[in-house]
Amino acid sequence: MSYDPASIESRWQKRWAEARVAEVDVRNDEGEKYYMLNMFPYPSGDLHVGHGRNYILGDALFRWLRMQGRAALNPMGWDAFGLPAENAAITRGIHPGEWTRNNIAREKAQFERWGILYDWSKELASCDPRYYRWNQWLFLQLLERGLAYRAKAPVNWCPGCQTVLANEQVVDGRCERCSSEVKQKDLEQWFFRITEYADRLDAGLDTLEHWSDKVKVMQRNWIGRSVGADVRFAVPAIGRDITIFTTRPDTIYGATFMVLAPEHPDVPALIRDSPVREEIEQWSEKVRNQTNLERQSEASGKEGRFTGQFAINPLTNEEIPIWLGNFVLPQYGTGAIMSVPAHDQRDFEFARQYGLEIRVVVSPEEESLDSTFMEAAWTGDGFSVASGSITGLATMPAIEQISDEIEKRGIGKKTVRYRLRDWLISRQRYWGTPIPIVYCEKCGTVPVPVDQLPVELPLDVPFTGREGNPLAKMDSFVQVACPRCGDAARRETDTMDTFVDSSWYFVRYISSHDDDQIFDSKLVNRWLPVDQYIGGIEHAILHLLYARFVTRVLHDMRLVNFEEPFTRLFNQGMITKEGYRDPSNNLAWVALDEVELRDGLPFRKGTELELVQEIGKMSKSRFNVVPPDELIARYGADTERVYTLFIAPPDKEAAWSDEGVIGAWRFLSRVWSLGEQVATLRSDEEDPASVKMIRKTHQTIASVTRKLERFEFNTAISSLMELSHAIADYLAAGGSSRSDATVAYESLLKLLHPFAPHITEELWEKLGHEPFLLTSSWPAADSELMKDEVLTFVVQINGKLRAQMELPAGVDESTATSEALQHSKVIPHLEGKQVVKTIYVPGKLVNLVVR
RNA sequence: GCGAAAGUGGCGGAAUUGGCAGACGCGCUGGACUUAGGAUCCAGUGGCCCAAAGCCGUGGGGGUUCGAGUCCCCCCUUUCGCACCA
């Protein structure tokens, strides 16, 4: 009977489901716990082979852990709130809840077809009131602790999505989702005070040994910690000081002017008496109205205006002019800088443009700078010159000393500033967690009492698709009695950023059915932190930073005893596919993760309708989406799994090739037919000719185990291919020992099981064994049986002459050396030479280096 | 511009600590079986050379070493991240 995946895969999928093999009783504390987790998906409907990679590699890991006898937990859920559901409601008249439920059902079925095992008893969906009530509870806890607050602030407004965005969701001045240009708007919004945790979030990165440097650097840059000083400059004309922030207080003697952002609150007072006030105001207005994108692109050429007023440099006591500049950002620091053009490139350019004084106060070690001939600022370290008490000091001690002096004289203080800003969580959208707040004329902003949670999202809302949040137009939702005084009041109609949902879901899995508390701390402390977290690099900042923040809040609430939620993080690479080549737009390789299937048609992610012609017109056979259905129907899920893992190292981007799939198919077919061949062997005697095969078997056990530990799935599979060749070679050479061949073949099946679970279960059963069903069955290698019979010596003399000889395996270094010298008769070059080094490589060859 | 990672056959990619470069797979070539093959099996497949011997080969150039894809220096290219953050 030939290999027919269709007939065996569904049978085993059913069997695994019936036996609930992946279910874990979290109260059982036997065994070494291992909590592994794939980032929960947004249920957009169809999953393609690019998504598959993520889950397949997780499943391979999970099955391997279980085969090793570990108490591995692998839950799954749904990040089920979000914009696409709402858009589907608008364009197709389906309720977001229904759309989401349908998609969840489809994706779940797809997981099953891939043979992926999750503990579905812990399934959760963020759009379920039983989940999001704890989202609301968490919000109230943060509010109580002063970590949630409402403020009017300039926020990022996306005209495409008709909602505000967190800073993290703005990429290059555009909306991360729809690429609309983001505008600044002043709005009253809810924030989480993540900046309170900036220092801990930064410092915690050092403890994450098993995260890639790439992700850690991205987080570190985002948090943007910088150490410096706030210094006050007196401005007599307005009768108050203006505070600046600098990381280089040692250069303060070179501060020859000051620059404010046009948004700085003191600007109106400063320019009140200016003869060119109107012009300055017009210019400020222009800069302010620019989107960040425009401002940044235009501001590579700097622009500014002189206010007509002066500040006093507190160290030189000189009057320095106060300018406005488009390159000074209102949100960072104090929105005001002291300009040291000799030692800051931006200040240098500004000074050259407007003819302002450039004064050297730091001298590099081996040259002296002359401001008239400088072509760029000297921003490196050096020695302070013409700088009062710090003159002659090197930069580092100079910073120390001047900072102390500034503090002592009461003109400023040492400060640590962060680029990170508070997390804006309000969204003017329907499909999200309602913010549990009521606005009462009498009592003000009133939190909904915990015993009234959840504030449920009403289901019967009209979706017009026209501006604004449909919730705001629903009187039955908005009109409410004030929980405090009982008078008529209004509900908050904004919902929470869906990143709130995903910032703690990994904890909830442990207690996903608990309606009395957010989770059971005792169990959570046993199972968390997550040992292995798997997901895409696109979450390097947003999701992971928020999750780290919320975990620290939970820690400070004494609900959990850890601060970092994810011990190991693995970011898999994307799968790309050669698509339709359109010479006009050169659309060739497309990352599959950038494509969504909607009604079976491919769309570029984040776009709504405009790319239909460009992409959607392409026929499926030519286009770049590989739907797993077709693939599975033809080759089976095991083939897709093996190919996906074999294609490239899992952290790298990989190019999908339809021809390549066939290699995985041939391999599995060969494994299938090998079983039939082994079964026909009759001899139960041991066969000396099987040594090579047995050795290969044990070497493969060792190497596959090692490779799985390191996520090297691609080479693990190639090792298994080699083992299958070794068995085939043994049979082809007339090997007759059924027991020897069975040892090798059964090991092959076990080692292959995490990658190709269906075929291996089937073949295992055919051999008369009980099915694996995730029992502990991982083989152990016998290192004695791994050793080669003979070692080849390669003798090099001055790297030129060579001779070879063979010695029995297992010799140690000194034996090898003396043996080699005894053989020097047959290797005449060795006579009278001195052995300088012997390299002993188990299982390979021995080099003897001679002079 | 700054920071990080990476450059190996026609392609995806292998190569514990420096130790037989190109494992494994695709593709290709030849053959077998076939009415047929886009199915299956066998053999070959880095380059130069009819072949052998030999020589050359891991982006380029230097260096260390008996020995370098691997270590050090310089350069080039690609990808990713950051980009007026004072």
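Throughout, protein chains are lettered first and strands after them, A, B, ... in sequence-line order, and every chain is numbered starting at 1. Quick caveat, the model's predicted, so the values are computed rather than measured.
- Distance check on atom C1': B/C82 versus B/G25 gives 38 Å, rounded to whole Å.
- Only the C1' atoms considered, B/U64 is 35 Å distant from B/C49, to the nearest whole Å.
- Heavy-atom distances to RNA chain B give each of A/E722 and A/S669 a nearest nucleotide, and the one nearer the 5′ end belongs to A/E722.
- Comparing the P positions of B/U17 and B/G12 gives an interatomic distance of 25 Å, to the nearest angstrom.
- One N or O on the side chain of A/W378 and one on the backbone of A/D381 form a donor-acceptor pair closer than 3.5 Å.
- Side chain to side chain, A/Q353 and A/E349 fail the donor-acceptor criterion of an N or O pair below 3.5 Å.
- Using a 4.0 Å heavy-atom cutoff across all strands shown, A/V340 reaches no nucleic acid atom at all.
- Counting heavy atoms from C-beta outward, A/L645 and A/L57 have side chains that approach closer than 4.5 Å.
- Counting any heavy atom pair closer than 4.0 Å across all strands shown, A/S226 reaches sugar-phosphate atoms only and no base atom.
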A/W656 and A/Y643: ring-ring contact (aromatic ring centres under 6.0 Å, His included), yes or no, with the steps? CA-CA 9 Å; A/W656 186 270; A/Y643 176 66; 4.8 Å; yes
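- When the C1' atom of B/U40 is taken as reference, atom CG of A/L674 falls 15 Å away, rounded to whole Å.
- Here the side chain of A/Q345 pairs a donor or acceptor atom with the backbone of A/A377 at under 3.5 angstrom.
- Residue A/A648 has its side chain nearest to B/G13 when only B/G81, B/A14, B/G13 are considered.
- B/C42 sits 11 Å from B/C26 when the P atoms are compared, rounded to a whole Å.
- Its glycosidic angle being more than 90° from 0, B/G47 falls on the anti side.
- Summarising the geometry, the separation between CH2 on A/W222 and P on B/A83 is reported as 7 Å, rounded to the nearest angstrom.
- Using Watson-Crick or G-U wobble geometry with both donor-acceptor distances under 3.5 Å, B/C26 finds its partner in B/G10.
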Between protein and nucleotides 25-33 of chain B, what N or O pairs are separated by less than 3.5 Å?
{"residue": "B/G25", "atom": "OP1", "partner": "A/H725", "partner atom": "NE2", "Å": "2.7"}
{"residue": "B/C26", "atom": "OP1", "partner": "A/R666", "partner atom": "NH1", "Å": "2.5"}

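- Rounded to a whole angstrom, the distance from the C1' atom of B/A21 to that of B/A14 is 10 Å.
- Ring centroid separation for the pair A/F327 and A/F350 comes in under the 6.0 Å cut-off.
- Taking atom CG of A/D230 as the reference point, atom C1' of B/A86 lies 12 Å away to the nearest angstrom.
- Rounded to a whole Å, the CD atom of A/E712 is 17 Å from the P atom of B/C24.
- The side chain to side chain donor-acceptor pair (under 3.5 Å) search around A/R220 returns A/D206, not counting sequence neighbours.
- With a 3.5 Å ceiling on both atom-pair distances, B/A52 lacks any Watson-Crick or G-U wobble partner.
- In this structure, A/Q219 places its CD atom 18 Å from P of B/A4, rounding to the nearest Å.
- B/U40 atom P lies 8 Å from atom CH2 of A/W665, rounded to whole Å.
- When each of A/V217 and A/R225 is assigned the nucleotide of RNA chain B bearing its nearest heavy atom, the one mapping closer to the 5' terminus is A/V217.
- Nucleic acid contact for A/D213: none, since no nucleic acid atom lies under 4.0 Å from a heavy atom of the residue.
- In this structure, A/E349 places its CD atom 14 Å from P of B/G1, rounding to the nearest Å.
- Here the P atom of nucleotide B/G81 and the NZ atom of A/K214 are 6 Å apart, to the nearest Å.
- For the OP1/OP2 pair of B/A14 and a distance below 4.0 Å, the side-chain nitrogens and oxygens of A/N714 include at least one atom meeting the criterion.
- In this structure, the nucleotide among B/A86, B/A14, B/G12 sitting nearest to the side chain of A/D344 is B/A86.
- For the pair A/S387 (side chain) and A/S384 (backbone), a donor-acceptor distance under 3.5 Å is absent.
- The side chain of A/W656 contributes no N or O atom lying less than 4.0 Å from OP1 or OP2 of B/G12.
- We find that A/K286 and A/E303 are joined by a salt bridge, their nearest charged nitrogen and carboxylate oxygen being less than 4.0 Å apart.
- Put simply, A/R220 has no side-chain N or O that comes within less than 4.0 Å of OP1 or OP2 on B/G81.
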